[in-house]
Amino acid sequence: MSQAPAVSYADFYRQSIDQPDAFWAEQAKLIDWFKPFDRVCNYDNPPFARWFEGGKTNLCFNAVDRHLKDRASQPALIAVSTETLTEKTYTFSELHAEVMRMAASLKSLGVQKGDRVLIYMPMIAEAAFAMLACARLGAIHCVVFGGFASGSLASRIEDASPKVIVSADAGSRGGKAIAYKPLLDEAIRLSAHKPDAVLLADRGLAPMALVAGRDHLWADLRQQHLAAQVPCEAMDSTDISYTIYTSGTTGKPKGVQRDTAGYTVALAASMKHIFDGRPGETFFSTSDIGWVVGHSYIVYGPLIAGMATIMYEGLPTQGMDGQPDGGIWWRLVEKYQVTGMFSAPTAVRVLKKQDPALLKKYDLSSLRALFLAGEPLDEPTARWISEGLNVPIIDNYWQTETGWPLLTVANGVEATRSKFGSPGVPMYGYRVKLLHENTGEELTQPNEKGVVVVEGPTPPGFMQTIWKDDARFVNTYWKSVPGKLVYSTFDWGIRDEDGYYFILGRTDDVINVAGHRLGTREIEESISGHPQVAEVAVVGVADNLKGQVAMAFAVLKDPAQAQDEVQAKKLEAEIMKRVDGDLGAVARPARVRFVTVLPKTRSGKLLRRAIQAVCEGRDAGDLTTMDDPAALEQIRDRMAS
Ligand code: AMP
């Protein structure tokens, strides 16, 4: 933690809101510029905030090249896999060389500034090389979570229209190889857009059939470009660095788009003020590069800060010898002297089932804080890990859209008390408000429940827009409160008398399974594709381990089919398999239950909140608009059976 604060967090925050230009101009000094900017924030066309106009910089230069002067031989990327039982450290200079080889390989496949490159990879070093190589070339990368299956991947390929796709033969989970190449081939077949080339890392985990003229092996291209020198492209501040897809209320995923300079500055600032990371130290984020946390805090954030970053492939409960080991993460903390660790509450709940002695087995004295994000942090989990590690547990609330935390405590500015159950206070640059659900009035009294919104201009690092769809960006996020142009997080929240926020769940149809954000509509669309399904409703239901699980209620075209228990089980398995194939196992409902009618309003709108309440044993609320009250009874019956 910092010494006696030069400035209180309250003053720091105030300056960011009252004098944003001065504040962010100061933060901009944390990164290297090829050309200084002329204007800090252009908010002439709300809600589009354009940061650092006129400046030129490069994300990869800030993450890698600028460290070569002082720390070329220090660790940069530590790739650990308890799946393939491999562990390799790349120094900044080695990382630089690999990134240039990857950049040269991509260039040889035709990639230029502004082209899209889709990355569908497991958690291996090559994935980071590919991201950094794209940033180096000014190509827009789009990482798709490796757990997604062909259907999800195809819709992302179609929307991103990549020139090249970087992938691998397989991922691995619990020692079992998961072949990626057939999923990718199928996704390309399904997509109207076809990439010019596919670059594949062959890990030797699954056989690959290469498509002549299209598919290339990374090992071959790397060999051809061993001594490649590829300079960093001087990017305009507002040039796009990457897109990442996330789920919303419609079935069509949204490509969250980010700029270059704003993102680089935001990450540099957050590493200092929130994550309290220092050059030469090691950061360990257990997320996945397919999620925004991984982009920001496995790859770019720690590297920009001159830290080594651990990239981890594997379960939290499997050791380097392939045997069960619930202490593997703590072993890595000791071995690499990790100072900051970032994970998700679900992972901690998994570890909570392990022998508590494992927390005492290793020397964890290097660790200064554990950051958790992605889903609500329940008090028992927070207490358990806090007592076990004896370091502050820092909850942060953010979204794919924000790119970095919106609510937390900035211990790098001033040591600030955390409160169990609350992610914290608004971060610098964020004008966070609570609005009344119906009237849109601002709620100013403590402990009133409202929708968490952000007034523009949104800070650097925040999404610029939705890829190729400014209108959708404005209409989806900024028009939900009549008469006011504010960004809606679509989360309920309250603020206590000390200004700490508490997040109470989504206002929309998005669910959060083990920290993974899923749209119930996407799951419904997949299930509706089953030939026997007439209608389906998917809701998120509270779960002790995963936070939430998806629960599906389906009406069959021939309801008699569900009466036979064996047949119902068979159909349930088929439907689950279908979701696995379309979206990936991550989206598979915990159960599919069959009903003859779904609870709807008289105008035909599904009453998801009422279904969810019944599933969780809560009061279903106001049902005056409900068409057929017996429908909820069926849900209650099926849940009890
Ligand atoms: P994602 O875009 O996948 O990061 O998911 C963002 C959503 O996850 C938010 O809108 C919240 O509903 C939830 N979320 C993220 N972090 C937290 C947190 N610390 N506490 C409560 N909910 C969270």
Side-chain angles (χ1 to χ4, degrees), residues 143-145 147-148 152 243-249 253-258 274-275 285-298 342-349 369-379 381-382 385 393-409 418-427 430 432 434 449-454 461-463 466 476-477 480 487-495 500-520 522 540 542-543 546-548 586-587 612:
V143 182
V144 175
F145 176 53
F148 281 137
S152 301
T243 63
I244 179 168
Y245 286 89
T246 190
S247 303
T249 32
K254 296 181 288 239
V256 168
Q257 174 185 315
R258 249 182 266 293
I274 300 173
F275 296 101
S285 168
T286 69
S287 181
D288 187 288
I289 50 152
W291 305 113
V292 66
V293 173
H295 272 71
S296 292
Y297 298 109
I298 296 173
F342 196 159
S343 193
T346 294
V348 178
R349 287 192 289 265
L370 172 68
F371 302 89
L372 296 173
E375 56 180 315
L377 173 61
D378 57 286
E379 189 162 339
T381 302
I385 194 70
I393 304 303
I394 302 176
D395 187 3
N396 31 118
Y397 163 83
W398 49 306
Q399 305 184 304
T400 307
E401 291 84 349
T402 70
W404 58 283
L406 189 156
L407 300 170
T408 184
V409 290
S418 290
K419 289 191 187 188
F420 280 124
S422 163
V425 298
M427 280 299 96
Y430 281 107
V432 186
L434 283 175
K449 179 177 167 185
V451 181
V452 181
V453 303
V454 179
F462 197 88
M463 75 189 291
I466 292 178
T476 306
Y477 293 109
S480 64
Y487 169 86
S488 177
T489 61
F490 298 105
D491 276 306
W492 298 110
I494 56 168
R495 183 181 50 235
Y500 283 67
Y501 280 74
F502 293 76
I503 299 295
L504 307 173
R506 297 281 300 196
T507 65
D508 60 7
D509 299 330
V510 165
I511 61 170
N512 195 319
V513 178
H516 299 328
R517 175 166 159 186
L518 301 167
T520 48
E522 283 173 82
D543 179 82
K546 297 181 174 179
Q548 276 187 314
V586 65
Q612 184 190 39

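Predicted, not measured: the structure shown is a model, and the values here were computed from it. Read the numbers this way: they start at 1 and go in the same order the structure lists the ligands and their atoms.
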Checklist line | Nitrogen or oxygen of Asp491 less than 3.5 angstrom from that of ligand 1 | finding: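 In this structure, Asp491 places an N or O atom under 3.5 Å from an N or O of ligand 1.
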Nearest protein heavy atom with distance in Å, relative to [atom]:
| atom | answer |
| --- | --- |
| atom 16 (N) of ligand 1 | Gly374 N, 3.2 Å |
| atom 17 (C) of ligand 1 | Glu375 N, 3.5 Å |
| atom 5 (O) of ligand 1 | Arg517 CD, 3.4 Å |
| atom 8 (O) of ligand 1 | Asn512 ND2, 3.2 Å |
| atom 6 (C) of ligand 1 | Trp398 O, 3.5 Å |

Checklist line | Smallest separation among heavy atoms of Ile393 and Ser418, with atom names | finding: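 Minimum heavy-atom separation between Ile393 and Ser418: O-OG, 4.1 Å.
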Notebook entry, point to check: Which heavy atom of Phe342 sits nearest a heavy atom of Leu370, and at what distance?
Noted result: N-CD1, 4.4 Å
When you look for heavy atoms under 4.0 Å from ligand 1, do you find them on the side chain of [X], its backbone, both, or neither?
| X | answer |
| --- | --- |
| His516 | neither |
| Trp291 | neither |
| Thr400 | both |

Report yes or no: does [X] contribute a side-chain atom to a donor-acceptor pair with the main-chain N or O of [Y] at less than 3.5 Å?
| X | Y | value |
| --- | --- | --- |
| Ser296 | Trp404 | no |
| Ser422 | Tyr501 | yes |
| Asn512 | Gly374 | yes |

Note to self: Taking the ring of Trp398 and the ring of Phe371, is the distance between their centroids below 6.0 Å?
What the structure shows: no
Check: In terms of ring plane angle, is the pair Tyr487 and Tyr477 parallel, tilted or perpendicular, where the classes change at 30° and 60°?
Finding: parallel
Next item on the list: Mark up the atoms of ligand 1 that fall under 4.0 Å of a heavy atom belonging to Asn396, in ascending order.
Entry: 16 (N), 18 (C), 19 (N)
